[in-house]
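Sequence lines set the chain letters: A, B, ... in the order given, protein chains first and strands last, and positions in each chain run from 1. These values consider heavy atoms only, across backbone and side chains, with no hydrogens, waters or symmetry-generated copies.
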Amino acid sequence: MKLKRHTDALLRAYPIDPVLWAVNARCSRLLGLEADYEHAMNYYRKALADSTFWSAFFQVYGLEDELGLEA
Amino acid sequence: MGQRHYQSVNKMPAGKLIEQLTLVSSTRQLEASDQIGINWISDFLTSYPLKRRRICVVSPPNMMPDQIKPHMIAAKQYISYYPMGSLFISAAVRLFNPTWEVVVVDLNFEAIRRANKGQPHGMLDLLELIPDDCDVYGLSWMFAAVEQQGLSVLERLRGFQRPVIAGGVQSTNDYQQLLDSGLVDLVFRRESEVQLNRLLELWEWVDDSSVADPAERFIQTHGTFVNLACKTGGEIHCFGEVYEKPPALDIRKEYDKLDITAYQHYASPTIWCRTAGKGRPWATMINNRGCRAECTFCAVSNFMGRGTRGRNVADVVDEILHLYHEKGVRHIEWMDDDLLADQQHTLQLLNTIAALNLDLTWSSSAYVLAVDINQEMAQAMVESGCVMTGFGVETGDPVRLKSLRKPASHKRIRQAVEIFHRHHHQVVLSCSFILGFPDETYGEMFSTFDFARELKLDWSVHAVLQPLRGTSIYNDLQMVDDSRTLESFGETTSKAFTIGRDLVSKGFTFDDYFKEIIDFRTIDRSLVPDRKEVELFQVFFNVFVNLVGNVNLTPEGVR
């Protein structure tokens, strides 16, 4: 919940950051907040598609596997 | 160590306090050049007959105001804290020269407020908020990062055709440039409560036709000024340098000068006020002034002298009760550079706060020294309402840590973290780290990365080193012509401590800035990265320490 609350706060300022959305989604799933999970995942996918930097970063470091995210 | 550098300031009547403060700098001998300086100041003040006895102290915006984004205000992402320096100046003037009034103008907050209301909030619009009927105008200038904004404010103040003064950390460091610019008449170096009041006293004598020789009377009464700089006959004159170490005064009345409700509404001093202390009206407070440490990257000891000056416990508690009952405050953000400086004093304060049984939380995002944490201290912190704290770590490299002259060891940091993890896991624990030290290799940065992960913190605050003028690390970098020290006065550009925040604040994204991704896992760790590579490493650090690698995503984390 600490990390969920923190990423919630950060995302209000940085809504284009897919890592924040991805981690927020992971927090939501761990906490059993499915609606929050779906919400975060939708934004995650959009933010990732919109950024060449983050797309490359996720690919180089295999972040989707690291976070156990559904494609 | 805690005891050796600690001076307790007892609660004392105002007269006694004045006497104590007066004694601090009156022992300074008058030098021949000081006589010239005092005569110049006296003659200078003669040109400005007193009108309303009002001093206007202006704090510049922390960011270029026209770059403020409404969605960032809605998220309370802009940093705003009470202008504590101006409040302390106001309290000192109220005590020493009660016929004078200090007008506090916080343009940082006003920029955020006006932007949120959809009102014009460019620099010129903000400057219109400065009253035009004051006897003297002052700039409270703390950070080089706001140099452009500070100079804009000074140009406006100069236009009032009244004396212009400047004080604060950055004014202390850049006093020559300020005087040479012609925008400032007098610079108060270091803490200025005492010397500003001496100036007002001299001005009163200058303005009083019954005083035949104000300068001579000043010399007879006070000996000389200290820490003041002015320009006489084209030459800069600096009065002697002394760490006066004035105590923090009672500023309860000064809080009436601020629209505290509005501060809550539009911004917060730290993210911890929005998360750990979520929804709680906040206030910034100071318990101790100064710091026992003398870290090479920090400007505190140069400005205030080494060591701390604590306030009487009853004074601090009175201020808390005032904020709690009169202003509705429910969360305190301590602004101290060394909050736990004295074990006995701190335990007494924390236990007193706990015994009040208030609905009050607090955080210390300026961090505390890990060396002060033991089980008793941690327990007292939590029982008094601590919801967030942490320690300055800076680097995971032991040799680098020693070179920073920080009174910390990795062993003590591990122990302090362990106490909170074991007994107070509900407290948000954060530590600070710096990347990009001079000649720092990838290997050293990975030591910092690995240590941050080992500590399993809730959050690791990380910054790319920005050498501050007046610090020893700045001087070292200047000697090797490091690019971070080459910006001339007036050209220093604002830069946030993280590349993400910096880009977003300027309307850019990583796509605009980074053209390639480096896989740091395979990098040659003996290499020294350039600035942009350090910034990319900072992104890597954030992702794998704070986000993907955060302990709260593992079974060890606390839900």
Side-chain angles (χ1 to χ4, degrees), chain A residues 1-41 43-71, chain B residues 69 71-78 268 270-278 387-388 425-430 457-459 498 500-501 503-505 508-522 536 539-540 542-544 546-555 557-559:
Chain A
M1 184 51 84
K2 284 176 177 175
L3 187 57
K4 169 82 162 61
R5 203 180 290 154
H6 201 77
T7 51
D8 280 344
L10 288 173
L11 280 166
R12 294 184 67 191
Y14 307 105
I16 58 166
D17 187 329
V19 193
L20 278 176
W21 281 118
V23 170
N24 188 269
R26 181 101 178 104
C27 291
S28 300
R29 174 138 285 181
L30 288 171
L31 292 166
L33 304 169
E34 280 305 307
D36 285 6
Y37 171 78
E38 289 299 336
H39 173 81
M41 282 301 288
Y43 276 93
Y44 154 69
R45 290 185 193 105
K46 184 175 185 322
L48 190 64
D50 287 348
S51 170
T52 52
F53 171 85
W54 282 116
S55 295
F57 196 97
F58 268 67
Q59 193 172 18
V60 167
Y61 288 105
L63 285 187
E64 289 199 334
D65 289 342
E66 187 99 23
L67 282 163
L69 296 175
E70 297 158 5
Chain B
K69 308 282 186 303
H71 81 275
M72 295 281 276
I73 298 176
K76 296 190 179 180
Q77 284 290 318
Y78 289 116
S268 65
T270 66
I271 192 168
W272 312 113
C273 289
R274 302 193 301 278
T275 54
K278 192 174 184 180
V387 290
M388 178 270 156
H425 51 74
Q426 74 280 18
V427 174
V428 174
L429 204 59
S430 169
L457 303 162
D458 293 308
W459 199 257
T498 68
R501 190 178 182 93
L503 290 172
V504 168
S505 70
F508 299 111
T509 69
F510 286 162
D511 288 351
D512 303 310
Y513 190 68
F514 293 116
K515 297 303 171 199
E516 60 174 347
I517 305 293
I518 299 172
D519 187 346
F520 291 110
R521 296 169 300 184
T522 59
L536 189 57
V539 176
F540 169 79
N542 192 45
V543 168
F544 286 98
N546 281 332
L547 296 169
V548 178
N550 194 296
V551 69
N552 291 297
L553 293 176
T554 71
V558 179
R559 293 194 167 187

For B:Asp519, enumerate each residue passing the salt bridge (charged side-chain N to carboxylate O under 4.0 Å, His left out) test, keeping only those at least two apart in sequence or located in another chain. B:Arg521
Any donor and acceptor pair, going by atom type alone, linking the side chain of B:Asp511 with main-chain N or O of A:Phe53 inside 3.5 Å? yes
Side chains of B:Asn550 and A:Val23: does their closest heavy-atom pair fall under 4.5 Å? no
CG of B:Asn546 to CG of A:Leu10, rounded to nearest 0.5 Å, is 9.0 Å
When the ring centroid of A:Tyr61 is compared with that of B:Phe540, is the distance short of 6.0 Å? yes
With rounding to the nearest 0.5 Å, note down the distance linking CD1 in B:Ile271 to NE2 in A:His6. 4.0 Å
How many angstroms lie between CZ in A:Phe57 and CD1 in B:Ile518, if you round to the nearest 0.5 Å? 10.5 Å
Count the heavy atoms belonging to other residues, nucleotides or ligands that lie under 6.0 Å from CZ of B:Phe510, then report whether that count exceeds 12. yes
Under 4.5 Å heavy-atom distance to chain B, tell me which part of A:Leu63 shows up: side chain, backbone, both or neither. side chain
Salt bridge (Lys or Arg N to Asp or Glu O under 4.0 Å) pairs, two or more places apart, involving residues 46-59 of chain A: A:Lys46-A:Asp50
Just give me the residue among B:Thr509, B:Val539, B:Asn542 that pairs up with chain A most often, heavy atom to heavy atom, under 4.5 Å. B:Val539
Give, as side chain, backbone, both or neither, the part of B:Leu503 having an atom under 4.5 angstrom from any heavy atom of chain A. neither
What's the separation between atom CG in A:Leu30 and atom CG in B:Asn552, rounded to the nearest 0.5 Å? 10.0 Å
Donor-acceptor pair, side chain of A:Lys2 and main chain of B:Trp459, under 3.5 angstrom: no
Below 4.5 Å, heavy-atom pairs only: which of B:Ile73, B:Val548, B:Asp512 has the largest tally toward chain A? B:Val548
For the atom pair CD1 (B:Ile517) and CH2 (A:Trp54), what is the distance rounded to the nearest 0.5 Å? 8.0 Å
What's the separation between atom CG in A:Leu67 and atom CG in B:Leu547, rounded to the nearest 0.5 Å? 9.0 Å
